[in-house]
Amino acid sequence: MLHQFIERAVQQAVAKVLPDADMSSVLVRPCPDPKFGDYQTNALMSLAKERKLNPCQLAADVLTQLNVSEWCEKVEIAGAGFLNFRLKVSALEQTLAAVARGGHLFFEKAAEPRTIVIDFSSPNVAKPMHVGHIRSTVLGDCLARTLRLLGHRVVTDNHIGDWGTQFGKLLLGWKGQLDRAALAADPIGEMERLYKSTNAACETDADLLERARQELVKLQNGDAENLVIWREMIELSQHQFDTLYGRLGVEFDFTLGESFYNPRLKQVVAELRERGIARESEGAICVFSDGSLPPKEDPFLKQQDGQWTPNPCLIQKSDGAANYATTDLATLAYRFETWQPAEIVYVTDGRQQLHFRQLFAIFRRWHPDAKVKLSHVWFGSILGENNTPFKTRSGETVKLAELLDEAESRALAIVSEKNPNLSETERREIARVIGLGAIKYADLSPNRQSDYVFSWDKMLSFAGNTAPYLQYAYARIRSIFRKAGAGMSPAAEIRLIATEEITLAKKLLHFGLVLEAVTEDYRPNYLCNYLYELAGVFTGFYEACPVLKAADAERASRLALCDLTSRVLQQGLALLGIETVEQM
RNA sequence: GCGCCGGUAGCUCAAUUGGAUAGAGCUUCUGACUUCGGAUCAGAUGGUUGCAGGUUCGAGUCCUGCCCGGCGCACCA
């Protein structure tokens, strides 16, 4: 893309003037205001600062070494030492024409593909998937899709909760009060009922609690009967997962649950003890600070009463059982050894930050030579009214299946009102796409680190930065092609004359830059913002530039612009996991 | 108490290595329709970026202190 050509040219020019400069900081970015130009670099000012040079003089020196006349008008030095670039319309036209002929859609594949493991979603067996799983699922899926499009090798792994203390109570309930008919009709509901009822009974009955514990011990020791029941619970749960992931369009390469790592846990603890990374404390096995980090950055220290005190990570409970840190360590080691990734990404809510800081720190000590990058991509909570956690009226967690149902039924009501002429089958399909898109977009468009307030009315609105608005923008473009019929020549020459055409063309060019930003910071909201802005710029073009009524050459050129815009919208939404429809 | 995160227009949010005059939507008000889909668009109103300092050519962004809110901090995950 053009900005990369300019960037490389600038880097080469800087290298001639300042051979020792760090080129990774010499970047070319879109201008914040078109009056300055189309692209700018502000890197020369910081380079000048480091070297105590006059920034404008440095800019002038770089300029003498710079030749971007193939793509740009005269380069300007402005402000405190910006270089401003203005694209030649001819370069724009050629770039768009090349994409229209079948090039990559305004992005470039990564020069050095990386292998990246992404851990996301992670629902629990025998429990309904609920609203708490949506953000991890949607974020992780979007990151996987975007990284893949850019040419990276992505391994998605669903670390389901198929092991743990809850199975004691579940097994006890299953054996005592399982309703087979209810299980057949609604397996998750029945398992949830068994757990809740047994759990409640255990609150007041110590004998029952002990029996639940015994069931858990039997399971952990490989008791045949309990294993059979446990496997059935997993299988029933997997059906639920498959159904919901099917609706959401999410796929995993692997589903290696917690239980997969059971055979490795003892070894993990033993190894960490042998190496002196972990030791016994109050009956548990713990990892303490090794003093290698400054106290402020050390996840195994906290300040209490003005003193740095231990903040250990437990890797084995005093009863000898492993806990989630143990499993996560075994999982991390397995992923590292199995896929040899450049990076492992965990998509979870922000409350687990300390856990992952400790987990990563332990792994670094355990495998000091491992080059793998470890990332915790965390997100904020979904809130209901009054900034309280999002719950149903009766205070229950909102089930994911019901959430999706409601999204679709609300969308159906809107579609039926707006476009009653469509058949019910068509309206249902449109409602499905709009309803699911609205939910996903509501999760992806805010900064992932902030909490957001769940609002049906906002997410399903056709105005503002919402999925329906973008889907509408797409449908409206497709409508032009339906009217145009088959008379569209795909490899049309593109001629940009009106300012709205040029603005749209320049916006299309930014797509790849945005995708890179998304994968660098793991922030899909950059893509959402971009698509919304693109839709806005397109509307400006749509209002000002008639397409079908234009004369032949202009018509073909504008049709090509429409086609490129619709493709970027569709591709962008697809990366967010959101479908489009031809009519809505 | 300590840590992490947040505090930006009346409301909900954005702001791409520190970069130029902090931007959208909603709301309110004013306009545009014999419409390539008005499910739209144009314009107006609206700001001491929580407070006070500091760093520098330049700070919503970095540093220090304080105020307010959410979350976390040894055997749940």
Side-chain angles (χ1 to χ4, degrees), chain A residues 24-27 29-33 35-36 40 42-43 45-46 48-49 55 78-82 122 124 161 164-166 258 281-286 296 299 301-306 308-319 321 323-325 327-328 348-355 357 378 380-381 383 387 414-415 417-419 445-447 449-453 455 457-458 461-466 468-469 472 475-477 479-480 482-484 510 513-514 516-517 520-521 523 525-526 528-530 532-533 536 539-540 542-543 545-550 558 562 583-584:
Chain A
S24 66
S25 70
V26 180
L27 301 176
R29 291 284 172 255
C31 285
D33 188 325
K35 80 177 180 193
F36 298 122
Q40 64 171 232
N42 56 47
M45 289 181 281
S46 44
K49 190 182 211 167
F82 293 93
S122 308
N124 291 312
T165 49
Q166 74 271 24
E258 293 170 354
S281 167
E282 297 174 27
I285 309 298
C286 307
K296 269 194 98 162
L301 289 179
K302 63 178 170 183
Q303 205 162 59
Q304 207 157 32
D305 305 325
W308 290 106
T309 55
N311 186 33
C313 176
L314 270 70
I315 61 166
Q316 184 177 294
K317 301 194 282 184
S318 53
D319 65 2
N323 65 1
Y324 74 121
T327 313
D328 276 358
T348 84
D349 76 271
R351 289 174 297 193
Q352 299 186 47
Q353 284 176 84
L354 178 62
H355 168 66
R357 283 181 62 214
W378 60 269
S381 310
L383 304 176
N387 289 357
I414 296 170
V415 172
E417 185 201 325
K418 304 273 191 193
N419 211 340
S445 60
N447 181 337
Q449 294 187 334
S450 52
D451 298 343
Y452 80 92
V453 177
S455 163
D457 290 340
K458 272 185 190 146
S461 167
F462 285 80
N465 189 3
T466 64
Y469 175 84
Y472 171 66
R476 203 160 58 159
I477 299 175
S479 168
I480 295 175
R482 271 197 304 283
K483 284 228 162 65
H510 292 173
L513 201 59
V514 171
E516 283 166 28
E520 269 167 39
D521 295 342
R523 288 186 43 184
N525 66 307
Y526 293 150
C528 297
N529 290 347
Y530 168 78
Y532 179 60
E533 286 168 10
T539 306
Y542 181 86
E543 298 277 327
C545 303
V547 178
L548 296 178
K549 288 175 189 161
R558 287 179 174 172
C562 288
Q583 295 182 66
M584 57 192 277

**Student:** Side-chain donor or acceptor of A:Gln40 under 3.5 Å from a matching atom on the base of B:A20?
**Tutor:** yes
**Student:** Whole Å only: how far is the CD1 atom of A:Ile477 from the P atom of B:A39?
**Tutor:** 17 Å
**Student:** Say you pick atom P in B:C11 and the same atom in B:G37; how far apart are they, in whole Å?
**Tutor:** 39 Å
**Student:** Would you mind reading off the distance between A:Leu548 atom CG and B:C36 atom P, rounded to a whole angstrom?
**Tutor:** 9 Å
**Student:** The criterion is side chain to side chain donor-acceptor pair (under 3.5 Å); which residues satisfy it with A:Asn311, sequence neighbours excluded?
**Tutor:** none
**Student:** Please give the distance between the P atoms of B:A20 and B:A32 as a whole number of Å.
**Tutor:** 37 Å
**Student:** Whole angstroms only, please: what is the CG-P distance between A:Asn447 and B:U8?
**Tutor:** 14 Å
**Student:** With the side chain of A:Arg29 defined as its heavy atoms from C-beta on, choose the nearest nucleotide among B:U56, B:A39, B:U16.
**Tutor:** B:U16
**Student:** Between A:Asn323 and A:Leu314, is there a donor-acceptor pair closer than 3.5 Å when you use the side chain of the first and the backbone of the second?
**Tutor:** yes
**Student:** Could you say whether the aromatic ring of A:Phe82 and the base of B:A20 stack, counting only centre distances under 5.5 Å and plane angles under 30°?
**Tutor:** yes
**Student:** Please report the closest heavy-atom contact between A:Met584 and A:Pro468, naming both atoms and the distance.
**Tutor:** CE-O, 3.8 Å
**Student:** If each of A:Cys545 and A:Ser46 is mapped to the nucleotide of RNA chain B with the nearest heavy atom, which maps nearer the 5' terminus, i.e. the 5' end?
**Tutor:** A:Ser46
**Student:** Let's see if you can work this out: which of B:C5, B:C36, B:U40 has an atom nearest to the side-chain heavy atoms of A:Trp378?
**Tutor:** B:C5
**Student:** If you look at every heavy atom in A:Cys528 and A:Ser445, which pair is closest and at what distance?
**Tutor:** SG-CA, 3.7 Å
**Student:** If we call it a pair only when both distances are under 3.5 Å in a Watson-Crick or G-U wobble match, what pairs with B:G25?
**Tutor:** B:C11
**Student:** Using a 4.0 Å cut-off on protein heavy atoms (strictly under), produce a 5'-to-3' string for nucleotides 65-77 of chain B with B for base contact, S for backbone-only sugar-phosphate contact, and - for none.
**Tutor:** -----SS-SBBSB
**Student:** CD of A:Glu258 to CG of A:Asn124: how many Å apart, nearest 0.5 Å?
**Tutor:** 7.0 Å
**Student:** According to the Watson-Crick and G-U wobble definitions, with both distances under 3.5 Å, which nucleotide is paired to B:A77?
**Tutor:** none
**Student:** Which nucleotide sits closest to the side chain of A:Lys296: B:C13, B:U64, B:C5?
**Tutor:** B:U64
**Student:** Ring-on-base stacking between A:Tyr452 and B:C13, under 5.5 Å between centres and under 30° between planes: is it there?
**Tutor:** no
**Student:** At 4.0 Å (heavy atoms only), tell me whether A:Phe36 reaches a base, stays on the sugar-phosphate, or touches nothing.
**Tutor:** base
**Student:** Each nucleotide in nucleotides 24-29 of chain B should get exactly one letter: B, S or -. Can you fill that in based on protein heavy atoms under 4.0 Å?
**Tutor:** SSS---
**Student:** From the set B:U17, B:A14, B:C57, return the single nucleotide nearest to any side-chain atom of A:Met45.
**Tutor:** B:C57
**Student:** Quick one: are A:Asp328 and A:His355 in side-chain contact, heavy atoms under 4.5 Å?
**Tutor:** yes
**Student:** Hunt down the Watson-Crick or G-U wobble partner of B:A39, both distances under 3.5 Å, from any strand shown, or write none.
**Tutor:** none
**Student:** Rounding to a whole Å, what distance do you find between A:Trp308:CH2 and B:G1:P?
**Tutor:** 15 Å
**Student:** Which whole number of Å gives the distance between the P atom of B:U34 and that of B:A15?
**Tutor:** 40 Å
**Student:** With the side chain of A:Lys49 defined as its heavy atoms from C-beta on, choose the nearest nucleotide among B:A15, B:C57, B:G37.
**Tutor:** B:C57
**Student:** Distance between the C1' atoms of B:C76 and B:U17, in whole angstroms?
**Tutor:** 41 Å
**Student:** If you compare every side-chain N and O of A:Ser450 against the phosphate oxygens of B:A14 (OP1, OP2), does one of them come in below 4.0 Å?
**Tutor:** yes
**Student:** Residues two or more places apart in sequence or in another chain: which of them pass side chain to side chain donor-acceptor pair (under 3.5 Å) with A:Ser461?
**Tutor:** none
**Student:** Going by side chain to side chain donor-acceptor pair (under 3.5 Å), name the residues that satisfy it together with A:Asp521, two or more places apart in sequence or in a different chain.
**Tutor:** A:Tyr526
**Student:** Give me the distance, rounded to whole Å, that separates B:U40 from B:G25 when you measure between the C1' atoms they each carry.
**Tutor:** 15 Å
**Student:** Please report, rounded to the nearest Å, how far the P atom of B:G58 is from the CG atom of A:Asn42.
**Tutor:** 15 Å
**Student:** Tell me whether A:Glu543 contacts the main-chain N or O of A:Gly540 through its side chain, where contact means a donor paired with an acceptor under 3.5 Å.
**Tutor:** no
**Student:** Pick the P atom in B:C67 and in B:G46, then give their distance to the nearest Å.
**Tutor:** 34 Å
**Student:** Rounded to the nearest angstrom, tell me the gap between atom CG in A:Asn419 and atom C1' in B:U40.
**Tutor:** 15 Å
**Student:** What pair of heavy atoms forms the shortest contact from A:Asn42 to A:Gln40, and how long is it?
**Tutor:** ND2-OE1, 3.9 Å
**Student:** Mind calculating the distance between CG (A:Asp521) and P (B:A14) to the nearest angstrom?
**Tutor:** 14 Å
**Student:** Kindly give the heavy-atom pair with the smallest separation between A:Lys302 and A:Pro310, and that separation in Å.
**Tutor:** CE-O, 4.0 Å
**Student:** On a whole-Å scale, what distance lies between the P atoms belonging to B:G50 and B:U61?
**Tutor:** 8 Å
**Student:** My understanding is that a pair needs two contacts under 3.5 Å, Watson-Crick or G-U wobble. By that rule, which nucleotide pairs with B:A59?
**Tutor:** none
**Student:** Whole angstrom is fine here: how far is it from CZ in A:Arg476 over to C1' in B:A39?
**Tutor:** 9 Å
**Student:** Looking only at atom C1', what distance separates B:A52 and B:A59, rounded to whole Å?
**Tutor:** 15 Å
**Student:** Go through the structure and list residues passing salt bridge (charged side-chain N to carboxylate O under 4.0 Å, His left out) with A:Glu533, not counting sequence neighbours.
**Tutor:** A:Lys507
**Student:** B:C41 phosphate, OP1 or OP2: any side-chain N/O from A:Tyr472 under 4.0 angstrom?
**Tutor:** no
**Student:** Taking a pair as Watson-Crick or G-U wobble with both distances under 3.5 Å, which nucleotide is matched to B:U64?
**Tutor:** B:A52
